[in-house]
Amino acid sequence: MGDIVLSIVAKLAEYTVDPILHHARYLCCFNNIAGNLPNAKEELELTRNSVKERVEEAIKRTEIIEPAVEKWLKDVEKVLEEVHMLQGRISEVNKSHFRRQFQYFLTKKIARKIEKMAQLNHNSKFDPFSKIAELPGMKYYSSKDFVLFKSRESTYENLLEALKDKSVSMIGLVGLGGSGKTTLAKEVGKKAEELKLFEKVVMVTVSQTPNIRSIQVQIADKLGLKFVEESEEGRAQRLSKRLRTGTTLLILDDVWENLDFEAIGIPYNENNKGCGVLLTTRSREVCISMQCQTIIELNLLTGEEAWDLFKLNANITGESPYVLKGVATKIVDECKGLPIAIVTVGSTLKGKTFEEWESALSRLEDSKPLDIPKGLRSPYACLQLSYDNLTNQLAKSLFLLCSIFPEDHEIDLEDLFRFGMGLTGTFGTMVKGRREMQTAVSVLIDSYLLLQVSKKERVKMHDMVRDVALWIASKTGQAILASTGRDQLMDETIKDKRAISLWDLKNGQLLGDDQLNCPSLEILLFHSRKVAFEVSNACFERLKMIKILAFLTSSYTWSLYTTSCTLSLPQSMKSLQNLHTLCLRGYKLGDISILESLQALEVLDLRCSSFIELPNGIASLKKLKLLDLFCCSIQENNAYEVIGRCLQLNELYLRIYSYSNEEFLHNISLSRLERYVLNFKMYSQIWTDMMEEHRPCRALCINGFNASVQSFISLPIKDFFQKAEYLHLEHLKGGYENVIPSMDPQGMNHLIFLILEYCPEIKCVFDSTNVDLLQTEDAFSSLVILRLRVLDNLEEVFNDPSSRCSLKSLEELSIESCRQLYNISFPKNSKLCHLKFLTIDHCPMLTCIFKPSIVQTLELLEQVTISDCFELKQIIEEVEEGSVDYVTSQSHTSLMLPKLRTLTILRCHSLEYIFPMCYAHGLASLEELNIGFCDKLKYVFGSEKEHDLRVYQHQSHPQTNIHINFLNLETLRLKELPNLVEIWPKYFDPHLPNLKKLACIDCPRMPDSCVRRLMIIDSDLQQDSTATEKELLCLVTTTFNQLSHQVFSSKLRHVLKFRGLALSGLGVKGLFQFQIREHGSNTELAPLNLDLTHAVLSDLPELEFIWKGPSNFLSLQMLDRIYVDGCPKLKAIFSPTIVRSLPMLRTLEITDCEELEQIFDSGDAQTLYTCSEQVCFPNLEDICVKKCNKLKYLFHNFVAGHFHNLIELEIEDCSELQKVFAFECETDDDGQEGIIKDGEKVLLRKLLRIRLSTLPNFKEIHHGFKLKDDVKGHFINDCPKYSPSLYLHTGFLIGNKDKDVLPIPISKKEQ
């Protein structure tokens, strides 16, 4: 019990006595406790300073301080500040009358602060203290010099779209060196980072010689990854693991070759796209070899963009001298849109004198590099890297060779090949040489050292790239002189040259005895369209090393041309024993026997030249591989005989003008011939165009070939027929009823183009009925274009019951003027999956074109034109229900004709409908539908059976109406179809949201409702037409709120984008009516622009208005021509709905509108007059008004100043017409314009022809108007109130009223 009491007493003492003693200490020990405060503070300050030093050191190491350290420092500063305040209060408390009381509270605070400082000191040991800072990533790259030009916006957007596409993990950005790929990639990377398309975006430079370890380190540094592994393989595995974590975009800049992603550690083409790759390169081949799913090309800047960039870098402003700007624009032209050249040259010239600018321009024009200051990257050095990186030595040679052509010259690959063969020598055969050169050219194109142009057989060099080629050639001892328009050659400029090419020469005296002293010259080229060259005998004696010699009047072309330029070949040509290529193109050469001595000659090009005879010794030139005699004129008839002995030839191009009566030798056989173009008496422009566009390797064109079909197989010439890629025959004789098997039982599977014209014996092109004659199961397998024209006895194109003719490559079929053709008869199993263009014209016996089974294969058919096929009853054969073809046609309609864009049917008088309705659904790409002059046509889509609603419902279709979409149809023309009653069945609802041109002319049986249905838009489909709507072509309803916010309904948008309208024979009262509901605002709306460019309205007997709606609602800014005829109830052409300004209108023609009172509805006269203060008709040239008997004025309150381009005015049979121009209040000042001449107003300055006839009330054209003396025609008939003599300027004479009057100026003496 006592122990319990003692423990209780001890506890009571603990809870009562200890606190009392503790607080007593605050009263008694003030000085001791306060004395400890400075020591504690000093100790904490030392600790704080130590921590701060560590912080500064960490920051210098670009480390990030741990938040705990930053919080500790903040807490320390706060405590030290509080201690400082306490120290101030200590000195003050001793002076207070209540010292004891204050000391108690102050001591208590001091003790707590000392304890807090001790705690902070204790907590000053941090681990970790800091960490390595994350690198700034794409934010590191500055955008201050980046300009997103308009031409590059699409590239920028395409890159971003590709990055957003989760299925794309490899993207290639490719372009010419210095075109701005790196800059654009940086900006795209920054945008991707900003849009958070990836968690991390990392950009690394790869360069020409990729270093795997360097690339790994660059990526790891930017990801904050530390490698512990030393080996490249170990680092690759570590990096790959990191890149699979989260999402990362790697931008690999300046890639020159295929990178080994596995060796680097980059995950390759993973579906989840955890790691995406965007690479920049100068080579498209790199993109392909690295399997880029998207390849995006960066084009050069446009001229305007190049100028803007140059101004920015050269500091050209509006205040810069005019002459400086003139030089600057020429400098920019030399840069040809290449950003690195523009930036470097601009920066180099900034602040320089005018003389320095002129010097720079001169150097650029002479293809000499500028002196680039340090710190700027030379465009020459940049582009040379592309050259240096070429591993194909032939590509390097061709690159330098291309620089002999002028700036901006489109280099024909045939020229490049022929010159290249002369420079590098043959590769065994010409075929092998061409293959090697084509590979080399592809390398240059992929590297953007050559650029492709619109014609596929041509390339060009960027001017700056050409300059670099000339620069490299001069540095490597292969100096080239390439000049345009030079008149003389200086020894000091040419003596060390390896190549000289002079273009567009005006002087033919360049080849004197002393002018070509250049012993190392290998290439000599002269070009002039008009100059005849005089070559001295001593000229060539110094040119022992020359390999290529060319005198050209034209680049390589298949177009026919002749010149009067002469060129005599001197005897010194014998010394050119290293000459490989000789090109004498377009000259009168005379005697060319000297060519027999050129034993090293491999290429002889005499294209379009004339000479006496082809030397016999040509056949003895053992190295001669290519002979070009295309379009040559030869006096002696020995050419075929000599050619027949040239057994060494690999290539022959032959068309001799002068042999019009000479028979082509049938026994020519050149076994080594690999390429040939042989043209005998063929002068067709079709042939020339085909050769120019397609460049076939082997072409045979013969007019009048006459060898019996029985003997053909034994003729040596048969090889030319059977191996030809292009075969064009006219007036074929000898009993040939077909091409295959008569000419080739093996099927002509080399043939790509076949053209037959005027061959009356041909009955079919392919005939497999005699199985014994045909030795193949697959004929015409390579045929792409088949054209048949004027084959009077052609009955079928293909007579192929055994289906041996596949036509799998056929793209174009054209049949014209084959009057006995009754069926094309496509082979039953043929698949026309590549057919794009079908043209059939003037085949009056043809009854049908396709079977449904064939139509299913027409996957790429784009254009069909059928005209003047008078017996054509069906385009697609109608098959009986239950047949195989019927089932097929009904079950695969969605696949039918999916690419058909244009369909034109004209003058097919037996055709009752175009396509069965089941095919209409597949016409998703149809853009243009033209049908005209088909007398029996009743329907466009759907047979008679399909238009019968009862039959349709009987076929178990659940709904009454079905929708049909022609989403791409822009043009619909129906003209002179007297029996057309419907376009499609009534139970189909058409949807044509993009229809822009509508013509419905002379279709008297087609109801208005059918045309009205063409204007149906989505929102109308479920609506029943009101009585008002049935009287209109189109009713558009909208709200004021929608218009004010530019939110247009689909129907309004549809109407506004209409471009062409041609209507006749309809019974509608109005065409377009616009209604605005819920007006409720005084705000004036801006007029809506209607895209209409032309309107033709004729024979509309009930038409009362064209446009109806609020005033100034529509603006016809694009209207070019309007023609209105036979609208007897129409009172105005342009209602107040139309804004009174038609800036593009050129022709206004109105005839036979009996009730027409105004061309422009007068409405509010003041409004009209105000409007007429601006030029409303600046381009109107022709006005014609006839048979409008209620029209008093053509233009009311429009001054003549609006018509300053009016040329012709014609008015006839308008009984009430008084004036052309009239005003509410006419004064002497009405219509004042132009200049004052002898006190008279000069109006309608350009009016040259005036015709006024049968106008009983007509008084004048314009108040104050005077006829000028340059009026070419002034015809006046039956205008009793019009006195032309009152309106003549002095010097104008008028003749009889029934004759055109010509101006006759009066002499000065008579004046």
Item checked: Any side-chain heavy-atom pair of Ile296 and Leu159 under 4.5 Å -> yes
Note to self: With rounding to the nearest 0.5 angstrom, report the OG1 to CD distance, Thr247 to Glu199.
What the structure shows: 4.0 Å
Item checked: Option passing side chain to side chain contact (heavy atoms under 4.5 Å, CB included) with Leu176 (candidates Asn299, Leu298, Leu338) -> Leu338
Check: In terms of heavy-atom contacts, does CD of Glu70 have more than 12 from other residues, nucleotides or ligands at under 6.0 Å?
Finding: yes
Note to self: Could you check whether atom CD of Glu232 has more than 12 heavy atoms from other residues, nucleotides or ligands sitting under 6.0 Å from it?
What the structure shows: yes
Note to self: Distance check, rounded to the nearest 0.5 Å: Met461 atom CE versus Asp463 atom CG?
What the structure shows: 10.5 Å
Check: Is it true that a side-chain atom of Gln216 and a backbone atom of Ile264 form a donor plus acceptor pair closer than 3.5 Å?
Finding: yes
Check: Can you tell me if Glu522 uses its side chain to pair, donor with acceptor, with the backbone of Ile548 under 3.5 Å?
Finding: no
Checklist line | Arg418 charged N/C atom sitting above Tyr556 aromatic ring, 6.0 Å / 45° | finding: no
Notebook entry, point to check: Judged by atom type as modelled, is there a donor-acceptor pair below 3.5 Å linking the side chain of Ser283 to the main-chain atoms of Glu285?
Noted result: yes
Checklist line | Ser403 OG to Leu470 CG distance, which is reported to the nearest 0.5 Å | finding: 4.0 Å
Note to self: If we check salt bridge (Lys or Arg N to Asp or Glu O under 4.0 Å) with Asp412, which of these qualifies: Lys456, Arg458, Lys455?
What the structure shows: Arg458
Margin query: Main chain of Leu521, side chain of Lys497: is a donor-acceptor contact present, judged purely on distance under 3.5 Å?
Written below: no
Next item on the list: State whether the side chain of Lys547 and the backbone N or O of Gly422 hold a donor-acceptor pair below 3.5 Å, judged by distance alone.
Entry: no
Check: Hey, what do you get for CE (Met464) to CH2 (Trp471), rounding to the nearest 0.5 Å?
Finding: 11.5 Å
Next item on the list: Step through the shown structure and confirm whether more than 12 heavy atoms of other residues, nucleotides or ligands are within 6.0 Å of CD on Glu153.
Entry: yes
Margin query: Under 4.0 Å between a side-chain nitrogen and a carboxylate oxygen: does that hold for Arg213 and Glu230?
Written below: yes
Item checked: Met290 side chain reached by Val255 side chain, heavy atoms, under 4.5 Å -> yes
Margin query: Return the CG to CG distance between Leu398 and Leu450, rounded to the nearest 0.5 Å.
Written below: 8.5 Å
Check: With distance as the sole test, does Ser442 use its side chain to make a donor-acceptor pair with the main-chain N or O of Gln438 at under 3.5 Å?
Finding: yes
Notebook entry, point to check: Do Lys74 and Trp72 meet the cation-pi criteria used here (NZ or CZ under 6.0 Å from the six-membered ring centre, within 45° of the axis)?
Noted result: no
Next item on the list: Measure the spacing between CZ of Arg284 and CD1 of Ile445 and express it to the nearest 0.5 Å.
Entry: 10.5 Å
Next item on the list: Kindly say whether Gly326 contributes a backbone atom to a donor-acceptor pair with the side chain of Thr329 at under 3.5 angstrom?
Entry: yes
Check: Quick check: does any side chain N or O of Arg235 sit under 3.5 Å from a backbone N or O of Glu229, one acting as donor and the other as acceptor?
Finding: yes
Checklist line | Lys164 bridged to Glu161 by N-O distance under 4.0 Å | finding: yes
Next item on the list: Indicate yes or no for a side-chain donor-acceptor contact from Gln218 to the backbone of Thr205 under 3.5 Å, with no hydrogens or angles considered.
Entry: yes
Next item on the list: State plainly whether the residues Arg152 and Glu187 are in salt-bridge range, i.e. N to O under 4.0 Å.
Entry: no
Note to self: Looking at Lys241, is its backbone amide N or carbonyl O close enough to the side chain of Thr245 to form a donor-acceptor pair, meaning the two atoms are under 3.5 Å apart?
What the structure shows: yes
Notebook entry, point to check: For Phe227, is the NZ or CZ atom of Arg238 found under 6.0 angstrom from the centre of its six-membered ring and inside 45 degrees of the ring axis?
Noted result: no
